[in-house]
Every structure is written in structure tokens, then in C-alpha cells.
Participant: 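Have a look at this one before I ask anything.
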Amino acid sequence: MNFLQAIQPDRVPAHVAVIMDGNGRWAQKRGLERAQGHIEGVNSVRRITEAACRIGVKYLTLYAFSTENWNRPKAEVNALMGLLVSCLHKEMPLFMKNGIRLRIIGDMESFSPEVRQAMNEALQHTQGNTRMDLVLALGYSSRWELTEAFRKMAGKVKEGRLQIQDIDAEKIAEFLATSFMPDPDLLIRTGGERRVSNFLLWQIAYAEMYFSPVFWPDFTEEMFYESIVEYQSRERRFGNVPTKPAEA
Ligand code: IPE
Ligand code: IPE
Ligand code: MG
């Protein structure tokens, strides 16, 4: 089956979020260092970014480095940081050619000045692009994000600039790192694990979940298109009753 052709163009999810998992196991299976898996994973980032752009996704959020990933062995963290800086430079032509605006959600302060500089340059360079937002979750975890939001809100309440009765779901969303975009319609996790690992806990309230057993470096465009076709076959009810009741 050609999954690209099977996609209904008018029902493409506006926001797709991806937990890119399985780089380490991909490498270990081949007797390579885990870092080799991350290097290979960059090719998948490029492939899936272009595929998402091609079908008209407006926001693609990639979980690239979690708050908890700082606890990994130093050598692996260093390899990831080096890769991040080189990618932010090297992939600029891809971003510009495809009209991609780069965004970062996460604790940028937790990164070294060199990494932060590369991030800021890439953010500035692509800020005029409008076809798709590529949102990299870096130094991100949902509990970090929610903690920050609660602190900011409490501060505003204390200063009298926010009234307690004005706090509702919409207001809370304004304080999150994702305030510039809608919630994900589809959440993909590669690599076989079926968990959320501290990713977008608030935002995935009604996202459709798609789990692939394939390690991220082996995740192809076709597999991505397949997840979109599967998404389009589902009925989202948001707690309501079916729009077309089943025949009695
Ligand atoms: C995901 O792959 C990439 C990052 C977390 C940076 P992993 O490195 O978690 O790969 P596995 O899950 O150990 O195979
Ligand atoms: C989630 O993967 C984080 C990223 C993909 C960046 P992890 O490999 O860190 O998550 P766990 O440890 O399997 O839950
Ligand atoms: Mg993992």
C-alpha cells in the first residue's frame, strides 16, 4: 500500500509530536557505540521533517533531549550536545528551503553557552519562515514546564496581575512553553516502549497515540505516512457521542 497516496489532504493533523526513541538500541544491536545511533537518528529527523512538511503538517514537535537525559553518562551527553550544535548549523539549508521555522521548548538555561548560542542563531535565522514550525523539545520535561508555569502564575497572583477566578484551562495553557501552538493531534513514539516519559502531559489530553516498534534511525517516511493514515481512520470524540451514530 502506498500510504502517501492514501492520506486525505483535508484531514492532515495540524500538530504531530514525536518521541524519537530507540537510537541507543539501534546502535547496540549493531555492536556500535550508542552515540552512533544518535548520529544515524539525525537522518530520520531530516526525513520525517521533510515528510511532515510535504503533507502540510503545521507543527512538528520532536522530543530530542529530556530533563532526565542529563543523567546519562557524560560521554553520551557530550556526544549529543556536539551533534546538536553541528545539526543546527548543517540543517539550515533544509530549514530555509522548506520554509521551516525552528522553535525550542525546554530549559535553554540548562545548556552551555556554546549550545545556547547555536540555538539562538537558528531561532533568529528561521523566524521569518511560515510553512511549518519544527519544535525541538530540548532540556524539556512536562513537570519542568508545569512547575515553571505554576511559579509564574503564583507570582502574578501575588502581584495582583492575575485573579484566581480568571485561571482556567486556557489561561494555564498560556503559561506553558507550547503557548504558541495548538495541542498535538497525534503523538508518535518509536522504539517499542509504550510510555510518555514526561512529554507534553497537559497537551496530549486528547491526542491520538501511535506506537511503533521500529527504532528511530529505521523510521522511514512511509512509516510516518502510515501513522497519518491510521490517525485518519480513528474517530476523535473528545468525550462526546459519535457524530454519526452506529446503525442499531
Ligand atoms: C532516544 O533514543 C534519543 C534520546 C533520548 C536522546 P535513546 O537514546 O533513548 O535510545 P534507547 O531507547 O536507549 O534505545
Ligand atoms: C524519551 O526517551 C526522551 C527522548 C526521546 C528525548 P527516553 O529513552 O529518555 O525515555 P525512557 O527512559 O525510555 O522513559
Ligand atoms: Mg530511550
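For clarity, every value in this text was computed on a predicted model and none was experimentally measured. These numbers come from the heavy atoms of this one structure, side chains and all, not from hydrogens, waters or symmetry mates. Along the sequence shown, residues are numbered consecutively beginning with 1. When a ligand or atom number is given, it counts from 1 through the structure's own listing order.
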Participant: Picking from Arg11, Arg236, Glu226, what satisfies side-chain hydrogen bond (donor to acceptor under 3.5 Å, both in side chains) with Tyr231?
Facilitator: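 Only match with Tyr231 under side-chain hydrogen bond (donor to acceptor under 3.5 Å, both in side chains): Arg236.
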Participant: Looking only at N/O atoms, are Tyr63 and ligand 2 under 3.5 Å apart anywhere?
Facilitator: no
Participant: Report the nearest protein non-hydrogen atom to atom 1 (C) of ligand 1: residue, atom name, distance rounded to 0.1 Å.
Facilitator: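 The closest one turns out to be Met20 O, 3.0 Å.
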Participant: Is the shortest distance from a heavy atom of Ser66 to ligand 1 less than 4.0 Å?
Facilitator: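 In this structure, Ser66 fails to qualify as a contact of ligand 1 - no heavy atom is under 4.0 Å.
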Participant: Using a 4.0 Å cut-off to any heavy atom of His38, which atoms of ligand 1 qualify?
Facilitator: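 In order of numbering, the contacting atoms are 3 (C), 6 (C), 8 (O).
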Participant: For ligand 1, is there an atom lying under 4.0 Å from some heavy atom of Gly22?
Facilitator: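 Contact check Gly22 vs ligand 1: positive.
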Participant: For atom 8 (O) of ligand 1, tell me which residue out of Arg25, Glu193, Gln28, Arg72 has the closest non-hydrogen atom.
Facilitator: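 Heavy atom nearest to atom 8 (O) of ligand 1 belongs to Arg72.
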Participant: Ion pair present between Lys171 and Asp166, side-chain N to carboxylate O less than 4.0 angstrom?
Facilitator: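 The answer is no: the pair does not qualify as a salt bridge.
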Participant: Closer than 4.0 angstrom, basic N to acidic O: yes or no for Glu50 and Lys97?
Facilitator: yes
Participant: Against heavy atoms of Arg34, which atoms of ligand 1 measure under 4.0 Å?
Facilitator: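 Counting from 1, the qualifying ligand atoms are 7 (P), 8 (O), 10 (O), 13 (O).
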Participant: Note the single closest protein heavy atom to atom 10 (O) of ligand 1, along with its residue, its atom name and the distance in Å.
Facilitator: Gly24 N, 2.9 Å
Participant: Taking the six-membered ring for Trp, are Trp144 and Tyr140 parallel (under 30°), tilted (30 to 60°) or perpendicular (over 60°)?
Facilitator: perpendicular
Participant: Who's the nearest protein heavy-atom neighbour of atom 13 (O) of ligand 2, and how far?
Facilitator: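 Looking only at protein heavy atoms, the one closest to atom 13 (O) of ligand 2 is Arg195 NH2, 2.8 Å.
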Participant: Who's the nearest protein heavy-atom neighbour of atom 9 (O) of ligand 2, and how far?
Facilitator: Asn69 ND2, 3.0 Å
Participant: Would Lys156 and Glu159 pass as an ion pair if we require N to O under 4.0 Å?
Facilitator: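 Not counted as a salt bridge, because no side-chain N and carboxylate O are separated by less than 4.0 Å.
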Participant: Answer side chain, backbone, both or neither: which part of Phe65 comes under 4.0 Å from ligand 2, heavy atoms only.
Facilitator: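 Backbone only; the side chain of Phe65 stays clear of ligand 2.
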Participant: Parallel, tilted or perpendicular: which one describes the rings of Tyr59 and His15, with boundaries at 30° and 60°?
Facilitator: tilted
Participant: Is there a side-chain contact between Leu102 and Leu88 in this structure, where contact means two heavy atoms from C-beta onward sitting under 4.5 Å apart?
Facilitator: yes
Participant: Which heavy atom of the protein is the closest neighbour of atom 14 (O) of ligand 2, given with residue, atom name and distance?
Facilitator: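 Closest protein heavy atom to atom 14 (O) of ligand 2: Ser197 OG, 2.6 Å.
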Participant: Looking only at N, O or S atoms in Asp21, which is nearest to the Mg ion (ligand 3)?
Facilitator: OD1
Participant: Run the numbers for me: atoms of ligand 2, each under 4.0 Å from some heavy atom of Asp21, listed by number.
Facilitator: 2 (O), 8 (O)
Participant: Does either side chain, that of Gln36 or that of Glu40, offer a donor lying less than 3.5 Å from an acceptor on the other one?
Facilitator: no
Participant: Regarding Arg143 and Thr67, is there a side-chain donor-to-acceptor distance under 3.5 Å anywhere?
Facilitator: no
Participant: Give the contacting part of Ala64 toward ligand 2: side chain, backbone, both or neither, where contact means a heavy-atom distance below 4.0 Å.
Facilitator: backbone
Participant: Can you name the closest pair of heavy atoms from Glu193 and Phe211 and give their distance?
Facilitator: O-CD2, 3.5 Å
